[in-house]
Participant: 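Could you have a look at this structure, given as structure tokens, before my questions?
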Amino acid sequence: MGDGMVTIYLMGKAYSVPENLTIMKAMEYSGFQLKRGCGCRGGFCGACATVYRIKGDYRVQEGLACQTVVEEDMYLSMIPFYPAIKKKYDIEELEPETNVLRQLYPEINRCLGCNTCTRSCPQELEVMDYMNAAIRGDIEKVANLSFDCIMCGLCASRCPAELVQHNVAILARRIYGKYILPKARHLAERVREIEDGRIEKEVDELIAKDREGLEKLYNERDIEGE
Amino acid sequence: MSYPDMMRAAIKKVEETRKKRLDETFSMLSPEEKKELLENFHPDYRDDAFREVKVGANKGQSLPHEVVDILEARSRIDPDSFSLDVDREVDVLVIGGGGGGSSAALIADALGAEVLQVTKLRMGDANTMMAQGGIQIADKENDSPAIHFLDVMGGGGFANKPDLVKALVMDAPEVGKWLEDLGYMFDKEEDGRMVTRHGGGTSRKRMHSARDYSGAEIMRTLRDEVQNREVPTIEFLPAVELLLTEEGSCQGAVLYDLETEEYMVIRAKTVILATGGFGRIHVSGFPTTNHYGATADGLVMAYRAGANLLFMDSTQFHPTGAAFPEQIVGLLITEKVRGLGAQLVNNEGEQFVYPLETRDAEASAIIRECEDRGRGIETPTGMKGVWLDSPMIDQIHGKGTLKKELPAMFRQFDRFDIDITEDPILIYPTLHYQNGGVEIDASCETRVKNLFVAGETSGGVHGKNRLMGNSLLDVLVFGRRAGRAAAERVREVKFGKLSLDHVKDYNRGLEEGGVETDRVSPMLLPDYSAEGSF
């Protein structure tokens with residue numbers, strides 16, 4: 001349009017908005033007060049999954065409304081909720097074996113290898129690769145490849161095999177974090193020291209000091225080097 | 001959307017001095033210098049930003065206009081005509097779906113209480129989800145809860161409530177263990193030893209992280225666990241008013257369905273408020289790092305019910321909010337960027353402050369550099385900022401470090417064609433955290449009996465300035481404590497007659513204070529449809 005404005009279509013209805021706005025801000029500019037589809041506004045929470053298509057293009061694209069800049073002739077709709085299945089489990093009862101993901105989500109074997117999940121991921125994760133790893137039972141690989149997942153569910157909403165990639169991924173990450181990553185011995189030791197009552201006294205001694213005494217200790221405390 | 005030419009020229013100066021600066025350490029502020037800097041440049045010290053509140057427990061105190069605006073406001077319901085027919089009875093009502101509410105719900109549920117967790121937006125739409133840098137836990141051999149205690153007190157200007165700080169630092173290792181057992185993917189060495197770093201104001205490297213998704217990893221794990229344990233939760237159902245008994249103890253809340261616009265009355269033996277802070281009321285007009293729902297709802301409700309507030313005159317401005325591109329102004333640039341060695345640099349390409357001062361001092365130094373010394377860099381929209389020299393990270397720690405340690409941050413800017421491994425980031429302070437809040441004791445109980453508050457809604461533990469990594473710790477420590485105390489209290493509580501008399505009294509207080517207003521609170525949702533958004 002050349003005047004710094006573009007036309008976008010919010011659920012089919014045309015609005016003129018300044019170019020360079022994110023989809024979310026363009027909706028607000030258009031007069032919407034968002035209830036659903038808006039969370040952290042910073043690309044971390046996955047509330048604002050959005051699908052869009054540019055006029056004349058057959059392809060449907062995906063993005064986060066808070067991170068995607070509007071384009072001329074963009075037809076868009078948010079998917080603020082998607083009815084994805086999430087299996088319940090007791091993390092204490094699981095075992096980190098290769099078949100654990102397949103046991104809870106047996107449908108992962110239906111993966112068609114079409115890569116739609118990877119193409120739809122607004123975090124640019126290698127979703128299909130981690131789903132392949134999930135089928136093979138490589139929990140560590142699933143955990144690491146999926147680590148930046150914000151669980152917006154766009155992958156699941158687009159998957160022709162109706163898989164729930166993001167829910168398989170968090171299961172893998174929790175099993176990896178709990179059973180495969182080695183425990184921090186120094187953490188367990190500190191918890192024990194506190195339980196044994198070996199720590200509290202030092203803190204109470206500080207509490208007993210007056211402000212001046214505390215300030216002096218603070219200003220003179222040694223700082224661990226890099 | 002990469003940097004325009006006018007900013008490119010300024011970046012050249014940063015590049016020219018980078019090599020020299022790699023060996024240069026800017027000296028830390030002395031206590032006297034810091035005091036002077038704060039008094040002259042921290043927004044908390046601007047008299048015209050404050051006015052006296054004329055109603056409630058803090059009557060007579062000077063608070064930011066935006067806070068007074070939501071306190072001196074009418075209830076969303078009419079206490080004279082609202083029907084208190086009970087829709088549902090539970091043991092523990094948890095209001096809030098972030099880290100504090102979720103840990104409270106999990107602990108109360110594990111102790112056998114019948115819990116209902118409600119939240120205004122979705123489960124996990126909370127500041128916990130956005131915290132990048134990490135969580136402080138004094139678990140290394142050269143560290144101790146006592147050293148952590150001293151750092152917290154000093155960071156808070158020694159105004160903190162010591163019993164709360166003690167709870168914070170003493171519970172921290174147990175919280176770390178809890179997370180580890182839930183499957184939290186801590187950054188670890190190969191033998192399981194925690195990878196820890198410094199944060200502003202820490203004297204030991206005790207910042208534990210999960211790459212730069214430290215808070216997201218907490219939130220998605222807790223949310224998953226709440227779902228696994230089948231704790232009843234209802235989304236898009238904020239609370240708008242607390243309910244008291246005629247004896248004055250808290251016994252439920254009025255909830256409001258954002259979609260059907262219907263009210264629901266919940267009677268509960270104990271209530272936990274974990275509704276977060278006030279970033280979205282934009283104190284002093286600052287942009288904010290906070291999530292959409294951070295409108296201080298719990299603060300308002302607790303205050304109307306008779307609770308008192310601490311340190312609400314103190315706001316944390318995070319030193320490094322994005323100042324460019326315009327789409328992400330105010331967005332948090334985690335302190336970890338400085339923790340990894342990136343320096344702050346002015347338009348001359350010079351350092352002007354030690355990169356890891358406490359946040360209040362760091363923010364004040366940036367404001368001084370831009371407003372007073374005229375050494376800021378201007379963006380095309382007229383905003384000013386200084387450089388955060390992110391390319392230093394790979395030069396110090398080796399190529400690829402930034403992308404590995406700060407994937408979220410890298411992606412954030414890459415979306416706008418800015419490669420932060422090559423170019424610095426323009427930053428300016430942004431409203432980050434409500435340092436103060438509702439006063440609680442070490443079990444999270446407020447002045448109002450059976451009303452518990454956890455997380456950013458509460459005040460006292462951080463004094464007048466919170467350190468990085470202590471808010472994720474705060475929500476978990478006090479969320480768990482609130483969950484435990486509220487569940488244990490259930491046995492002693494008998495249901496009484498529900499009342500909104502406190503709202504009537506509050507309205508009378510408004511009249512007596514001469515407040516004439518048609519403002520309504522809690523705000524629930526910010527309205528950016530009218531005047532453009534942050």
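Each chain gets a letter, A, B and so on, in the order the sequences are listed, and its residues count up from 1. We use all heavy atoms of the structure for the numbers below, so side chains are in, but hydrogens, waters and symmetry mates are not.
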Participant: Given heavy-atom pairs under 4.5 angstrom as the criterion, report whether the side chain, backbone, both or neither of B:S30 touches chain A.
Facilitator: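 Neither part; nothing is under 4.5 Å.
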Participant: Using modelled atom types only, decide if a donor and an acceptor are shared between the side chain of B:Q412 and the backbone of A:G42 within a distance under 3.5 Å.
Facilitator: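 Yes: the side chain of B:Q412 pairs with the backbone of A:G42.
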Participant: B:D151 versus chain A, heavy atoms under 4.5 Å apart: side chain, backbone, both or neither?
Facilitator: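 The answer is both parts of B:D151.
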Participant: Any sub-3.5 Å donor-acceptor pair from A:K35's side-chain atoms to B:L258's backbone N or O?
Facilitator: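 It does hold such a pair.
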Participant: Could you look at B:L121 and say if it's the side chain, the backbone, both or neither that has a heavy atom under 4.5 Å from chain A?
Facilitator: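 Just the side chain, heavy atoms under 4.5 Å.
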Participant: With a 4.5 angstrom heavy-atom cut-off, which part of B:P31 approaches chain A: side chain, backbone, both or neither?
Facilitator: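 For B:P31, the side chain is the part near chain A, not the backbone.
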Participant: With a 4.0 Å cut-off, would you call A:K183 and B:D181 a salt bridge?
Facilitator: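 Salt bridge: yes.
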Participant: Quick one: does any side-chain atom of B:H198 pair with a main-chain N or O of A:I223 as donor and acceptor, under 3.5 Å?
Facilitator: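 Not confirmed, B:H198 side chain does not pair with A:I223 backbone.
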Participant: Is it the side chain or the backbone of B:K188 that comes within 4.5 Å of chain A heavy atoms, both, or neither?
Facilitator: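 Just the side chain, heavy atoms under 4.5 Å.
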Participant: So, B:E326 versus A:N20: side-chain donor-acceptor pair below 3.5 Å or not?
Facilitator: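 No pair is found: no donor N or O on one side chain lies under 3.5 Å from an acceptor on the other.
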Participant: Could you tell me whether B:D224 and A:K86 have a side-chain N and a carboxylate O separated by less than 4.0 Å?
Facilitator: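 Yes.
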Participant: Would you indicate whether the side-chain heavy atoms of A:I207 and B:F149 approach each other to under 4.5 Å?
Facilitator: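 Yes, side chains in contact.
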Participant: Looking at A:E205, A:Q33, A:K87, which makes the most heavy-atom pairs under 4.5 Å with chain B?
Facilitator: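 Max contact count across the listed options: A:Q33.
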Participant: So which part of B:L182 gets closer than 4.5 Å to some heavy atom of chain A, the side chain, the backbone, both or neither?
Facilitator: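 Contact with chain A involves both backbone and side-chain atoms of B:L182.
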Participant: Would you mind checking which part of B:M194 comes under 4.5 Å of any heavy atom in chain A, side chain (CB onward), backbone (N, CA, C, O), both or neither?
Facilitator: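 Contact with chain A is through both the backbone and side chain of B:M194.
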Participant: Hey, does the Lys NZ or Arg CZ of B:R229 hover above the aromatic six-ring of A:Y89, less than 6.0 Å from the centre and inside 45° of the axis?
Facilitator: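 No cation-pi geometry.
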Participant: Under the salt bridge (charged side-chain N to carboxylate O under 4.0 Å, His left out) criterion, do A:D222 and B:R204 qualify, and how do the steps go?
Facilitator: CA-CA 9 Å; A:D222 64 304; B:R204 294 290 183 277; 3.5 Å; yes
Participant: For B:R411, which atoms come within 4.5 Å of any heavy atom of chain A: side chain, backbone, both, or neither?
Facilitator: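 Looking at B:R411, just its side chain touches chain A.
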Participant: With a 4.5 angstrom heavy-atom cut-off, could you sort out which part of B:R206 is near chain A: side chain, backbone, both or neither?
Facilitator: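 It is neither, since no heavy atom gets under 4.5 Å.
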Participant: Sort B:R193 into side chain, backbone, both or neither according to what part of it lies under 4.5 angstrom from a heavy atom of chain A.
Facilitator: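 Backbone plus side chain of B:R193, per the 4.5 Å heavy-atom cut-off to chain A.
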Participant: Could you look at B:A210 and say if it's the side chain, the backbone, both or neither that has a heavy atom under 4.5 Å from chain A?
Facilitator: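 The answer is both parts of B:A210.
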Participant: Select, from A:I180, A:D90, A:L171, A:I175, the one with the greatest count of heavy-atom pairs under 4.5 Å involving chain B.
Facilitator: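 The option with the most such pairs is A:D90.
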Participant: Please round to the nearest 0.5 Å and tell me the distance separating atom CZ of B:R220 and atom CG of A:N167.
Facilitator: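 Going from CZ on B:R220 over to CG on A:N167, the span is 12.0 Å.
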Participant: Let me know if B:L179 has heavy atoms under 4.5 Å from chain A in its side chain, its backbone, both or neither.
Facilitator: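 Neither part.
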Participant: I'd like to check B:F236 versus A:R36 (side-chain heavy atoms, cut-off strictly below 4.5 Å). Are they in contact?
Facilitator: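 Side chain of B:F236 against side chain of A:R36, heavy atoms only: contact under 4.5 Å found.
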Participant: Could you tell me the separation between the OH atom of B:Y213 and the SG atom of A:C149, rounded to the nearest 0.5 Å?
Facilitator: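 It comes to 9.5 Å.
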Participant: Quick one, A:R173 and B:Y184 - any side-chain contact, counting heavy atoms below 4.5 Å?
Facilitator: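 No, side chains not in contact.
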Participant: Give, as side chain, backbone, both or neither, the part of B:E190 having an atom under 4.5 angstrom from any heavy atom of chain A.
Facilitator: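 The answer is the backbone of B:E190.
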Participant: Please walk me through it: do B:F158 and A:Y218 pass ring pair (Phe, Tyr, Trp, His ring centres under 6.0 Å)?
Facilitator: CA-CA 10 Å; B:F158 304 97; A:Y218 178 76; 5.7 Å; yes
Participant: Given side chains that start at C-beta, do those of A:C45 and B:D125 come closer than 4.5 Å, heavy atoms only?
Facilitator: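 In short, these two side chains touch, coming nearer than 4.5 Å.
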Participant: With a 4.5 Å heavy-atom cut-off, do A:I194 and B:P145 have their side chains touching?
Facilitator: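 Yes, at least one pair of side-chain atoms sits under 4.5 Å.
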